[in-house]
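What follows is a set of notes on a single structure, which appears directly below.
These numbers come from the heavy atoms of this one structure, side chains and all, not from hydrogens, waters or symmetry mates.
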Amino acid sequence: MTEPTPLPTRRRARCPVCRRPASAADKPFCSPRCRDEDLRRWLSGGYRIPGEAAAPDADDEGG
Ligand SMILES: [Zn+2]
């Protein structure tokens, strides 16, 4: 007796940007556009723009 081997649950990857089914060509995104969008998000979120340290107004009133 042979047991029917259960098919591996194939999870359809979803585009992390718009949640649409991913395209085989642009995995895991649905389109090149979303791939770009994700990259932009990553860049804007990963890179911290160093704020210019404002020099304190040294008001040295001396004699
Ligand atoms: Zn998408």
Side-chain angles (χ1 to χ4, degrees):
M1 241 175 47
T2 49
E3 281 181 27
T5 47
L7 288 166
T9 45
R10 268 196 197 176
R11 277 194 219 156
R12 269 199 195 167
R14 290 215 178 177
C15 178
V17 178
C18 67
R19 297 283 173 198
R20 286 176 68 177
S23 160
D26 301 295
K27 262 185 175 181
F29 306 101
C30 71
S31 60
R33 190 171 233 192
C34 278
R35 201 207 306 216
D36 232 45
E37 175 65 27
D38 186 74
L39 183 67
R40 284 189 70 161
R41 282 190 196 180
W42 187 84
L43 286 173
S44 61
Y47 279 102
R48 252 204 199 174
I49 300 166
E52 253 183 77
D57 237 324
D59 219 293
D60 198 11
E61 275 187 75

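A salt bridge is absent between Glu37 and Arg33: the closest approach of a Lys/Arg side-chain nitrogen to an acidic carboxylate oxygen does not fall below 4.0 angstrom.
Smallest separation of non-hydrogen atoms from Ala22 and Pro28: CB-O, 3.3 Å. In terms of heavy atoms, Arg19 sits closest to Arg14 at O-CD, 3.5 Å. In plain terms, the two heavy atoms of Cys34 and Val17 that are nearest each other are O-CG2, 3.4 Å.
To the nearest 0.5 angstrom, Asp26 atom CG is 9.0 Å from Cys15 atom SG.
Within the 4.5 Å cutoff, side-chain heavy atoms of Pro16 are placed close to those of Phe29.
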